[in-house]
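Start at 1 with the first residue, then count along the sequence. First listed ligand is number 1; within each ligand, the first listed atom is number 1.
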Amino acid sequence: MADIESSFEFSSSFTSSSLPPPRTRIFKIIVIGDSGVGKTCLTYRFCAGKFPDKTEATIGVDFREKVIEIDGEKIKVQLWDTAGQERFRKSMVQHYYRNVHAVVFVYDVTNAASFRSLPAWIEECRQHALGQEVPRILVGNKCDLRHAAQVSTDLAQQFADAHSMPLFETSAKNPYGNDDDGGRNNSDHVEAIFMTVAHKLKSQKPLVLSQPPCGSGDTVTLRRQDEEDRGSWGCGC
Ligand SMILES: Nc1nc2c(ncn2[C@@H]2O[C@H](COP(=O)(O)OP(=O)(O)OP(=O)(O)O)[C@@H](O)[C@H]2O)c(=O)[nH]1
Ligand SMILES: [Mg+2]
């Protein structure tokens, strides 16, 4: 399991005696949903560019990072791949929601129960005072198994609309994100989904890099501008 506490401070590659660190923005995106929907595979696919050879149930949280470039700016996308199983998440759930910039809700299109669980995941966000300004997206995974689908696109779209979220249907497994019926363009590429989130975040109010006083080490901490304005993350609920 990854070291939770270290995730709240972001190391720069510069020491305090060298040039100031570059203003690399870091977007923390948490990925939540029932166990087995494919959160680990999706995050691995985005960061490593391929479907993992094998996965096990996530315990606590795993972090994956990828540096992307948008309009000439390098941005670090930090994905928090959370455990779907209650027994593996309850001790650290409050850490997931700390300073989060976006939430990705995942269900499995072949598993209706995972879709029915979505209100509970939304409620968990609400209970952890996630502000309404935090973008949320809905991802239906395993579209390569379209023949076994239990959740129709129409139903998922209705749910997404009701919660003001964009819907993406995808496959972490299929190299092109297209369906097993040979049709293209009916599914979204994993890469495009996370890039869309990053674009959305980039277009929002800028994040501010808070730098520690000289001599206090070589770390920088990210805070949102509105967090600094209000003194807290706040809740728009
Ligand atoms: N066919 C298919 N299988 C997938 C896909 N994504 C994940 N899987 C499989 O689904 C199973 C669960 O995937 P994980 O990524 O470990 O699921 P998870 O949501 O991280 O589960 P927890 O860590 O327990 O919360 C694994 O056997 C994966 O190989 C997909 O897009 N298509
Ligand atoms: Mg997992």
Side-chain angles (χ1 to χ4, degrees), residues 1-4 7 28-66 77-97 100 102-125 128 136-153 156 167-194 196-197:
M1 187 176 64
D3 177 358
I4 297 290
S7 71
K28 171 183 171 180
I29 302 171
I30 58 168
V31 183
I32 59 180
D34 277 9
S35 180
V37 296
K39 300 178 296 297
T40 297
C41 292
L42 285 167
T43 54
Y44 188 91
R45 173 72 190 271
F46 177 66
C47 294
K50 60 178 187 169
F51 191 72
D53 294 333
K54 96 184 214 327
T55 58
E56 289 173 357
T58 303
I59 297 174
V61 65
D62 283 329
F63 305 105
R64 300 197 171 84
E65 288 186 338
K66 182 171 176 173
V77 175
Q78 185 180 67
L79 299 180
W80 284 48
D81 167 26
T82 68
Q85 286 189 50
E86 179 63 19
R87 63 189 169 129
F88 291 148
R89 57 184 284 115
K90 59 184 174 194
S91 62
M92 58 187 64
V93 68
Q94 70 273 21
H95 295 295
Y96 300 161
Y97 293 99
V100 69
V103 182
V104 176
F105 296 96
V106 185
Y107 68 94
D108 172 351
V109 299
T110 71
N111 179 347
S114 72
F115 182 75
R116 286 196 297 270
S117 294
L118 289 169
W121 293 110
I122 291 171
E123 173 61 14
E124 184 180 275
C125 287
H128 288 84
R136 297 139 208 254
I137 68 163
L138 181 59
V139 172
N141 189 37
K142 306 194 187 180
C143 278
D144 57 296
L145 304 176
R146 181 75 80 180
H147 59 276
Q150 295 183 355
V151 183
S152 71
T153 301
L167 167 70
F168 297 90
E169 291 183 316
T170 194
S171 163
K173 191 169 196 173
N174 192 308
Y176 303 107
N178 55 328
D179 301 336
D180 61 358
D181 61 3
R184 301 182 76 88
N185 303 320
N186 289 332
S187 301
D188 301 290
H189 292 247
V190 173
E191 168 107 355
I193 295 170
F194 288 107
T196 301
V197 179

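- Without hydrogens or angle criteria, Asn141 side chain to Ala172 main chain gives a donor-acceptor distance under 3.5 Å.
- Below 3.5 Å of separation, one finds an N or O of Asp144 facing an N or O of ligand 1.
- Residue Ala83 touches ligand 1 through its backbone alone, judged by heavy-atom distances below 4.0 Å.
- Ligand 1 has no nitrogen or oxygen under 3.5 angstrom from a nitrogen or oxygen of Gly33.
- Proximity annotation for atom 6 (N) of ligand 1: of Asn141, Ile32, Asn174, Asn141 comes nearest, heavy atoms only.
- Considering backbone and side-chain N/O atoms, Phe51 never comes within less than 3.5 Å of an N/O atom of ligand 1.
- For Glu86, there are no salt bridge (charged side-chain N to carboxylate O under 4.0 Å, His left out) partners, not counting sequence neighbours.
- Note on residues 102-112: pairs passing salt bridge (charged side-chain N to carboxylate O under 4.0 Å, His left out), not counting sequence neighbours, are Asp108-Lys142.
- For the pair Lys66 and Phe46, the cation-pi test (distance below 6.0 Å, angle within 45°) is passed.
- Residue Phe88 places no heavy atom under 4.0 Å from ligand 1.
- Nearby protein atoms of type N, O or S around the Mg ion (ligand 2) amount to 2 (distance under 2.8 Å).
- Of the listed residues (Val109, Thr153, Thr110), just one forms a side chain to side chain contact (heavy atoms under 4.5 Å, CB included) with Cys143, and that residue is Val109.
- With Lys39 contributing its side chain and Val106 its backbone, the two residues share no donor-acceptor pair below 3.5 Å.
- At a heavy-atom cutoff of 4.0 Å, ligand 1 is contacted by no atom of Val106, backbone or side chain.
- Between the side chain of Arg89 and the backbone N or O of Val61, no donor-acceptor pair lies under 3.5 Å.
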Which pairs would a plain distance check flag for residues 51-59, meaning a side-chain donor or acceptor within less than 3.5 Å of a matching protein atom at least two apart in sequence or in another chain?
unit_1	atom_1	unit_2	atom_2	d
Lys54	NZ	Glu56	OE2	3.3
Thr58	OG1	Thr40	OG1	2.8

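- Between Gln85 and ligand 1, no N or O atom pair is found at a separation short of 3.5 Å.
- In this structure, the side chain of Tyr96 engages the main chain of Gly60 through a donor-acceptor pair within 3.5 Å.
- Taking any N or O of Ala57, backbone or side chain, none lies under 3.5 Å from an N or O belonging to ligand 1.
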